[in-house]
Every structure is written in structure tokens, then in C-alpha cells.
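Start at 1 with the first residue, then count along the sequence.
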Amino acid sequence: MKFRTRAIHVGNEPDPATGAVVPPLHLASTFVQAKAGVPQEYDYARSGSPTRKSFETTLANLEGGTHALAFATGMAATTCVTMMLSSGDHIVAGRDIYGGTYRLLHNVMNRFGIGVTLVRTDGDLSELKAAITPRTRLLWIETPGNPLMSITDIAACAEVARQHRLLLAVDSTFATPALTRPLELGADIVMHSATKYIGGHSDLLGGALVVQDKALYDKLYYIQNATGPVMGPLESYLCTRGLKTLELRVREQSRVAAQLADWLSDNPRVARVNYPGRAGHPGHSIAARQMDGAFGAMLSFEIKGGYEAAQRLVESTKLFALAVSLGAVESLIEQPASMSHASYQREDRLAVGISDGLIRVSVGLEDFEDLRDDLDQALVSALK
């Protein structure tokens, strides 16, 4: 079956008790046991629940994986991966990553003696290879990157990981399985902030990990069950519903994002546009190879005027809501330097290329002309 058919049917079999085409929402926190001490599929909702399993089953199938784990947030999912490591271990991560991931790696994992080196992962991977040490256990990449929309060659990173016997984890939140399936390209773990495109409507928090290897799943499941950051049943239900329209939403949002990227590139008030769908983007050819016919609905651009001008712009839009997060039906706009990536040390942020004048946009499902006109008036207002 094709992607959108599986999104609707896999893990969503009609309820055998009633025939309902939508599986029931199970809010139960505990389940009656047939016999004392005899394991059964469900006993306590932290360890597993029918509604969460339905979402996990669908997502694993869409990613080309065998097992998925649903978490309370995307950061809970990321933390679970890092908790497989031990004191003295080392992580090599991309530089163009979510600010919350940067904060976790630099300000939390360091307390447990786990080191991290940030490197460029777009291009020839020379920095990544040079950063690997005998203590390195995990490669963490994000593609497209946040907020510069850098593109990392997943298959090439997977080959490096195999050569050094490392785990490769990919934050694929921006791409979603509708456009990129990292497990099929050799990755070991895929992470999603389900809050974003999977939920798709700015009304839930969630995260997920997907794997193909059962032994790796068992390790991650043990940590999740031991620490407890699981997705609740209502959020699981909403994520399952979100998956059913994921491909339709992402492809339409990507279409409009491409139009906006072209328009911004021709605007004299804009110094630079970051969108992998444009032929001039340094990662365009890789994106065309590993993204399925579209380039995502996230873009960023730098305006002429710096920090204050960028603030004026994001505060002047009328349709684009000034808010962090992304991937929903409404378009959002933000200034990474003061919002999503404020957790970066300023020198690290600037070294990566996250300038004071950078603006990140999440394109929703509004009409292109309306979004274009909103950005146009905001640009005029910010750069009078």
C-alpha cells in the first residue's frame, strides 16, 4: 500500500467490539490481570496502552521501521537516546540543530560526564570524521537543520557510523516520513517531535523514536519504562489522527513554502534565503535525492538590518503568528536569536551562522498570496 493509505489503515483496524472505524480512546491507567504474576500485554499505562500502541504501530510502518516508542515530548525522546550512554562517552552532533537539543547536550549531559562536539554535517563530512574519538558512541544529525535548513547526507553518515561502530540517530522532524525515511538510508534511530507535523494542529505535545533493530528497541523501551516520559492516551489519539492527513498537509505546505522562498529571494530587503528546494542551496542535490519529491515547509531568511530589524519584522506580521514551534496548519514566524535558539552561547550561535537578523518561518495551509502580502508589509514596516 502507498504511504497515505497506510497512514489511514495500518494500526487503525475497526474496533472488534463495536465495528467503529476509529479505534476507541483508552484513558485507563491500569488494566485487570487474569492471574497474579502472569505477564499480559497491558498491565499499567506507563508500560504500554492500546491507544499509544496504535500510534506507534502506524508511525513505525510509515518510517519503514519495526518498532516505535511514543514520548511526552520530542526532548523526552532525545533524552532517552542519550541515556543509553555512560559517563566518559562522547557524542558528535551537527551544528545546525534545535536549540533544545543544544541545551540538553551542553548543559545537562555534561553533568553526567558525557562529552559533545558540534561539527558541520553538510558537505564532505570531514569535520564529522575528524571529531570521532575512541569514546564516541553516537552521531546525532538533523536534516533539514534547524534553523539554517542545512542538508546532511544520511546515507553517507550511516556509512561513517558503520565504519566506527557508532549509532546514527536522525532528528527528522522537519522532513517527516512523508518526505524522508532515514532508516531506509541506514540510520539506526529516527526521532520526531510529534508536536510539530505529526500532530499538525498546535494542540499537543509529543515525541517519538523509531527503529528497525529489536535489541535496540528493547534498550530504549527499558529506559522509557524506567523513567516514565510516555505519551498520554489523548495525545496518542491526536497523533494517530494527525498521521492520516500528514502527507497531504506536508506536500501542500511544501508547495507554498517553495513559492515564498522564490519570492523572498527576489526581495531587495532580504539578504539571504535558506530553503533546500532552491537550486542554489548547497544541499539541494542531496535533498533532491533523499527527500521524496518536495523540500519541506520550513525556511529561514536573513534581512538587512540586524537584530532590531528582525524583531520589528516578526512583531509586524498579521497572519504569521509570532511563536516558537512549527509544523501546524497556521503559519508561524520567529527570531531564532531571541527565541528558539536563545539557549545557544552567542559565540556558538554566530559561529554556526545563526545571525541576529535571521528569521525562521513555518509555512501553514493559508493561501500563498495572503502569506506573501503579509511578509511584504512586515518587511516594509521593519526596514523603513
Side-chain angles (χ1 to χ4, degrees), residues 6-13 15 20-31 41-63 65 67-81 83 98 100-101 104 171-178 189-211 217 220-221 223-250 321 323-330 332 362 364-365:
R6 289 183 283 124
I8 293 168
H9 291 281
V10 173
N12 289 287
E13 293 73 18
D15 177 33
V21 296
V22 177
L25 169 58
H26 292 275
L27 296 172
S29 60
T30 192
F31 302 83
E41 184 172 9
Y42 303 113
D43 55 15
Y44 187 61
R46 170 168 43 80
S47 302
S49 76
T51 307
R52 192 163 86 238
K53 182 182 179 182
S54 176
F55 167 56
E56 292 170 341
T57 299
T58 309
L59 182 61
N61 181 277
L62 295 179
E63 278 288 0
H67 297 83
L69 293 165
F71 291 80
T73 66
M75 286 311 304
T78 301
T79 301
C80 184
V81 176
M83 291 182 74
Y98 170 52
T101 304
L104 170 71
D171 181 341
S172 194
T173 298
F174 278 18
T176 83
I189 303 170
V190 179
M191 194 288 293
H192 288 286
S193 172
T195 308
K196 313 305 193 297
Y197 288 100
I198 289 174
H201 293 78
S202 298
D203 57 6
L204 66 90
L205 289 175
L209 299 175
V210 188
V211 301
Y217 166 79
L220 292 166
Y221 173 79
I223 294 170
Q224 184 194 45
N225 189 45
T227 56
V230 298
M231 181 179 285
L234 178 59
E235 290 78 10
S236 299
Y237 173 86
L238 291 172
C239 281
T240 294
R241 186 175 68 174
L243 285 176
K244 294 177 181 179
T245 61
L246 176 67
E247 185 179 31
L248 293 171
R249 286 186 283 107
V250 168
V324 295
S325 198
L326 54 105
V329 295
E330 62 277 341
L332 304 178
S362 171
L365 286 174

Side-chain contact test, heavy atoms from C-beta onward, threshold under 4.5 Å: evaluate it for Asn12 versus Lys244 and give yes or no. yes
At what distance, to the nearest 0.5 angstrom, does CD of Glu56 lie from OG1 of Thr240? 9.5 Å
Using modelled atom types only, decide if a donor and an acceptor are shared between the side chain of Arg46 and the backbone of Asn225 within a distance under 3.5 Å. yes
Would you check if Pro177 and Val210 make a side-chain contact, meaning some heavy-atom pair closer than 4.5 Å? no
Inter-residue atom distance Leu209.CG - Ile223.CD1, 0.5 Å rounding: 10.0 Å
Donor-acceptor pair, distance only, cut-off 3.5 Å: does the side chain of Thr73 make one with the backbone of Gly206? no
Between the side chain of Glu63 and the main-chain N/O of Val211, is any donor-acceptor distance below 3.5 Å? no
Quick one: does any side-chain atom of Arg52 pair with a main-chain N or O of Ala45 as donor and acceptor, under 3.5 Å? yes
Kindly indicate whether the side chain of Ser325, heavy atoms from C-beta on, has any atom under 4.5 Å from the side chain of Thr195. yes
Taking Thr176 for its side chain and Ser172 for its backbone only, find out whether a donor-acceptor pair lies under 3.5 Å. no
Working note: Phe55 + Ile198, criterion side chain to side chain contact (heavy atoms under 4.5 Å, CB included); need CA distance, chi angles, decisive distance, verdict. CA-CA 10 Å; Phe55 167 56; Ile198 289 174; 3.9 Å; yes
Point-to-point distance, once rounded to the nearest 0.5 Å, from OH of Tyr42 to NZ of Lys53: 4.5 Å
Closest non-hydrogen atoms of Gly11 and Ser54, given as atom of the first, atom of the second and distance, are O-OG, 2.5 Å
What distance separates Arg241 CZ from Leu204 CG, expressed to the nearest 0.5 Å? 9.5 Å
A side-chain contact here means heavy atoms from C-beta on lying under 4.5 Å apart; do Tyr237 and Val22 qualify? yes
Can you check whether Met75's main-chain N or O pairs, donor with acceptor, with Thr79's side chain at less than 3.5 Å? yes
Could you tell me whether the side chain of Asn61 and the main chain of Leu59 form a donor-acceptor pair under 3.5 Å? no
Hey, does the side chain of Ser47 reach the backbone of Asp43 with a donor-acceptor pair shorter than 3.5 angstrom? no
List the steps, then state whether side chain to side chain contact (heavy atoms under 4.5 Å, CB included) holds for Met231 with Ser236. CA-CA 6 Å; Met231 181 179 285; Ser236 299; 3.4 Å; yes
Examine distances only and state if a side-chain atom of Ser193 and a backbone atom of Gly207 form a donor-acceptor pair shorter than 3.5 Å. no
Show the numbers, then the answer: is there a side chain to side chain contact (heavy atoms under 4.5 Å, CB included) between Glu235 and Leu205? CA-CA 7 Å; Glu235 290 78 10; Leu205 289 175; 5.7 Å; no
Compare every heavy atom of Pro233 with every heavy atom of Leu27, then report the nearest pair and how far apart it is. CD2-CG, 3.9 Å
Side chain of His9, backbone of Ala7: donor and acceptor closer than 3.5 Å? no
OH on Tyr197 to CZ on Phe174, rounded to 0.5 Å: 7.0 Å
side-chain hydrogen bond (donor to acceptor under 3.5 Å, both in side chains) partners for Glu330, two or more places apart: Ser202
So how far is it from Leu69 CG to Met191 CE, rounded to the nearest 0.5 Å? 13.5 Å
